[in-house]
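Let me begin by presenting the structure, written as structure tokens, before commenting on it.
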Amino acid sequence: MSAEEVVREFGVEGSVKISPLGSGHIHRTYKVEAARQFVLQRVNKTIFTQPDVIASNNRLAFQYLKQHHPDFIFPQALPDLNGNDLFYDDEGFPWRLYPLIENTFTIDEVSTEQEAYEAAKGFAALSKNLYGIDTQLLKPTLDRFHDLSWRYKQFENALQKASPETIQMAKAEIEQAQSFQPLVSEYTQLIKEGVLQLRVMHNDTKVNNILFDSISRKAVCAIDLDTLMPGYFIYDLGDMVRTFVSPVTEEEKDISKIEFRKNIYNALVQGYLSQMGDVLTEQEMKFIPFAGKMMTYIMGLRFLADYLRGNTYYHITYPEQNRVRAKNQFHLLSLIEKNV
Ligand code: GN1
Ligand code: MG
């Protein structure tokens with residue numbers, strides 16, 4: 001079904017202009033210009049095999065926030081003509097439509113301390129305002145998503161099945177992946193001790209998942225809520241460290257451009273704690289330094305495992321891209337280890 005046919009199912013009338021939007025690796029996203037403007041998304045059903053769980057988690061969060069924090073901005077999907085948050089097309093693809101939040105912009109790299117502080121505050125405000133919801137009501141949309149020991153096992157499985165040529169190509173990255181393995185036991189131990197509390201987390205806090213206000217340049221809201229589900233604070237804080245501290249993104253091929261900017265790190269932690277400081281326990285706070293390490297490691301392992309598997313998960317535009325991303329992440333991880 002065409003994107004235009006789909007928007008009609010959400011009751012959009014009159015002339016429409018539809019164009020691709022954003023830089024996500026997973027879904028197909030479009031901007032819809034009609035009498036009002038919308039964001040239309042076709043959900044990747046190979047990755048998200050239970051899209052109804054996403055819709056239900058989002059609706060529960062939306063209802064809780066409406067009741068407890070009515071001014072908080074949460075991008076909730078609009079119902080289709082049958083009142084559903086997802087519309088399934090004739091090929092079984094789920095689609096959803098959001099109102100476009102005007103006068104906002106996203107960034108792929110952080111340039112200033114203020115951006116780091118604001119974005120971190122934005123993600124933290126989401127968890128803080130959802131503090132109090134019954135965490136059990138929200139279900140995992142992707143199982144064991146940030147379970148480092150499981151991700152390590154997936155990497156090992158991929159390595160076992162990879163061809164000798166692929167292994168040869170990724171020799172250096174495989175060695176790097178193995179060299180950071182002590183982080184896996186640290187993670188396992190931490191979870192076992194039960195120090196971290198299960199909370200509702202965003203779980204994909206790349207900096208481009210925050211909308212900034214065009215005029216005030218403050219965070220307006222977090223977007224990309226597919227992984228809004230129970231998790232630990234280190235997942236959100238860690239993915240911010242991973243995507244904020246360096247002036248270049250995970251796509252950068254020249255690793256000499258990767259940096260750990262201490263001032264940006266401090267600003268993001270401050271922004272995060274400006275909201276979550278009251279919610280986190282003293283015990284949890286001790287694991288702030290661990291957050292960036294584990295999330296950067298997990299992403300390096302995931303990119304590398306995907307490369308070894310033949311690039312079945314992340315969208316790539318050139319054959320070595322996932323290996324290059326892994327190399328980038330392991331270099332960043334080594335810088336985080338030196339600086340945090
Ligand atoms: C994916 O939504 P998107 O494409 O920004 C991935 C994240 C990774 C990210 C790395 C569901 O996020 O976990 O951090 O790529 N999301 C999923 O860029 O796997
Ligand atoms: Mg995204």
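Values below: all heavy atoms of this structure, side chains included; hydrogens, waters and symmetry mates excluded. Each ligand, and each atom within it, is numbered from 1 in the order the structure gives. The structure displayed is predicted, hence computed values, not measured ones.
Evaluated by nearest non-hydrogen atom to atom 3 (P) of ligand 1, the leading choice among D239, D204, N203 is D204.
Residue contacts with ligand 1: I26 is included, with a non-hydrogen atom under 4.0 Å away. The shortest heavy-atom distance from D224 to ligand 1 is under 4.0 Å. Within the 4.0 Å heavy-atom shell around ligand 1 one does not find T243. The shortest separation from a heavy atom of R302 to ligand 1 is under 4.0 Å, placing the residue in contact.
The residue I47 has no part lying near ligand 1, judged by heavy-atom distances below 4.0 Å. Only the side chain of M299 comes within contact range of ligand 1, with a heavy atom under 4.0 Å; no backbone atom does. Residue N208 does not touch ligand 1, judged by heavy-atom distances below 4.0 Å.
Ring pair Y64/H68 is parallel by interplanar angle, where below 30° counts as parallel and above 60° as perpendicular.
Remark: ligand 1 atoms within the under-4.0 Å shell around heavy atoms of Y313 are 11 (C), 17 (C), 19 (O). Within ligand 1, counting atoms from 1 as listed, the ones closer than 4.0 Å to a heavy atom of R242 are 10 (C), 14 (O).
Scanning for salt bridge (charged side-chain N to carboxylate O under 4.0 Å, His left out) contacts around D108 gives an empty result, with sequence neighbours left out. Considering only residues two or more places apart in sequence or on other chains, T46 meets the side-chain hydrogen bond (donor to acceptor under 3.5 Å, both in side chains) condition with none of them.
More than 12 heavy-atom neighbours from other residues, nucleotides or ligands sit within 6.0 angstrom of NZ on K262.
Of the residues D204, N203, T296, V207, the one that meets the side chain to side chain contact (heavy atoms under 4.5 Å, CB included) test with D239 is D204.
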